[in-house]
Amino acid sequence: MSANDGQQNDMSTQNAVHIEPWGKGDLPLLTKLLGDPAMTEHLGGPESEEQLSKRQARYERLTEEGRGRMFKIIHEATGEEVGSVGYWDSTHQEDAIYEIGWSVLLAFQGRGIAGAAVAQALLIARSDGKYQFLHAFPSIHNPPSNALCRKLGFTLVEECDFEYPKGSFMRCNDWRLDLFRAS
Ligand SMILES: CC(C)(COP(=O)(O)OP(=O)(O)OC[C@H]1O[C@@H](n2cnc3c(N)ncnc32)[C@H](O)[C@@H]1OP(=O)(O)O)[C@@H](O)C(=O)NCCC(=O)NCCS
């Protein structure tokens, strides 16, 4: 093993993450992720306290209602909660699909954390066996999210106008992953 390989192993150990189901105490994490202007630049801006509380309640109910799963991302080295990833039932061009979304706190970005966490969530979505297709709709102006889709084997379908948040339309890329095909 070269010195370079050793450094890379150290880095991947330092940046290792796992995902855990979203829980009742996770409103503070949600507020850091979606209540912050810099974190929501490509998501229509920060949510209000009321919107965050409603979203927290939706995340708590998602799994028990069988409409998807939301996870928090845990940094293994420190135990810190550093992000979220989740997928939920949606409809796209009249087809029932899963839609996926993700978010990693600024201080932890650029270390491969979203890549590792989203890959873990995709394994669970595949094992659910519910829908064939899972879509992501990142803004065309969001290079890391588009790079993430490409890296994780999604197919770029087309550019489209996507309503998010409700009432406002964003120019997005429609990325699709076939969950029934071996990865
Ligand atoms: C999108 C986001 C989750 C990525 O998190 P991250 O942990 O930094 O992502 P990773 O480190 O796993 O990097 C993912 C890919 O993006 C690439 N990337 C990162 N910044 C980039 C940039 N400015 N331009 C182009 N590619 C970029 C990385 O190189 C990596 O690809 P690679 O492994 O092929 O090199 C993070 O930027 C974020 O939380 N943004 C705010 C929330 C958001 O916009 N969510 C999108 C909802 S669709």
Side-chain angles (χ1 to χ4, degrees), residues 4 7-20 22 26 28-47 51-52 55-56 58-59 62 68-78 80-90 92 97-123 125 133-166 168-177 183:
N4 205 14
Q7 274 171 2
Q8 276 179 359
N9 280 343
D10 284 352
M11 284 300 284
S12 54
T13 307
Q14 277 167 29
N15 294 325
V17 290
H18 68 268
I19 59 175
E20 290 181 8
W22 197 267
D26 293 331
L29 174 62
L30 189 61
T31 304
K32 284 190 210 164
L33 295 169
L34 291 182
D36 179 85
M39 287 295 304
T40 51
E41 185 191 343
H42 300 296
L43 301 172
E47 295 195 343
Q51 287 171 315
L52 290 163
R55 183 181 290 279
Q56 169 67 19
R58 283 203 303 280
Y59 283 6
L62 200 58
R69 297 179 196 277
M70 187 57 58
F71 304 94
K72 55 191 163 185
I73 306 172
I74 310 293
H75 183 234
E76 302 220 319
T78 60
E80 277 177 86
E81 297 168 347
V82 298
S84 69
V85 54
Y87 54 88
W88 52 90
D89 292 356
S90 188
H92 182 58
I97 58 155
Y98 272 143
E99 183 185 334
I100 190 165
W102 42 68
S103 194
V104 169
L105 290 174
L106 275 176
F108 289 86
Q109 289 180 12
R111 310 184 192 183
I113 285 180
V118 175
Q120 291 174 36
L122 291 176
L123 282 178
F133 292 113
L134 175 142
H135 289 244
F137 298 98
S139 158
I140 58 168
H141 303 297
N142 188 344
S145 280
N146 285 292
L148 199 56
C149 292
R150 198 168 290 113
K151 169 175 153 175
L152 292 171
F154 287 64
T155 301
L156 179 57
V157 182
E158 60 183 356
E159 267 191 32
C160 59
D161 289 315
F162 189 78
E163 189 177 9
Y164 189 89
K166 243 190 168 45
S168 76
F169 283 85
M170 253 194 322
R171 196 70 186 154
C172 289
N173 282 321
D174 173 9
W175 289 93
R176 185 178 73 187
L177 187 71
S183 52

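Atoms considered below: every heavy atom in the structure, side chains included; atoms not considered: hydrogens, waters and symmetry mates. All ligand and atom numbering here is 1-based and tracks the order in the structure.
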Got a protein heavy atom sitting under 4.0 Å from atom 28 (C) of ligand 1?
no
Atom 32 (P) of ligand 1 protein-contacted (non-hydrogen atom, under 4.0 angstrom):
yes
For ligand 1, note which part of N142 has a heavy atom under 4.0 Å away: side chain, backbone, both or neither.
side chain
Write out the residue and atom name of the closest protein heavy atom to [atom], then the distance separating them to 0.1 Å.
| atom | answer |
| --- | --- |
| atom 7 (O) of ligand 1 | A114 N, 3.0 Å |
| atom 17 (C) of ligand 1 | A147 CB, 3.6 Å |
| atom 46 (C) of ligand 1 | S145 OG, 3.2 Å |
| atom 39 (O) of ligand 1 | V104 N, 2.7 Å |
| atom 45 (N) of ligand 1 | W102 O, 2.9 Å |
| atom 38 (C) of ligand 1 | Q109 NE2, 3.3 Å |
| atom 20 (N) of ligand 1 | P144 CG, 3.5 Å |
| atom 11 (O) of ligand 1 | G112 N, 2.7 Å |

Is [Y] close to [X] at the side-chain level, that is, under 4.5 Å between some pair of heavy atoms?
| X | Y | answer |
| --- | --- | --- |
| N146 | W175 | yes |
| W88 | R58 | no |
| W102 | F71 | no |
| F162 | D174 | no |
| D26 | Y59 | no |
| F133 | L177 | no |
| D36 | P46 | no |

Quickly, which of V85, V118, L105 forms a side chain to side chain contact (heavy atoms under 4.5 Å, CB included) with I73? Name it, please.
V85
Q120 atom CD, neighbour heavy-atom count above 12 within 6.0 Å
yes
Per-atom contacts of ligand 1 with [X], taking only distances under 4.0 Å to non-hydrogen atoms:
| X | result |
| --- | --- |
| R111 | 11 (O) |
| G115 | 12 (O) |
| G110 | 6 (P), 8 (O), 11 (O) |
| M39 | 39 (O), 41 (C), 42 (C) |
| P143 | 22 (C), 24 (N), 25 (C) |

Mind checking whether G101 has a heavy atom under 4.0 Å from ligand 1?
no
Candidate list H75, E76, E81, test side-chain hydrogen bond (donor to acceptor under 3.5 Å, both in side chains), partner T78, passing option
H75
Return a yes/no value for K151: is any of its N or O atoms, backbone included, closer than 3.5 angstrom to an N or O of ligand 1?
yes
Taking distance alone, with no angle check, do P138 and ligand 1 share an N/O pair under 3.5 Å?
no
Verify, without hydrogens or angle tests, whether H42 (side chain) and H141 (backbone) share a donor-acceptor contact under 3.5 angstrom.
yes
With a 6.0 Å cut-off on ring centres, are H92 and F137 close enough?
yes
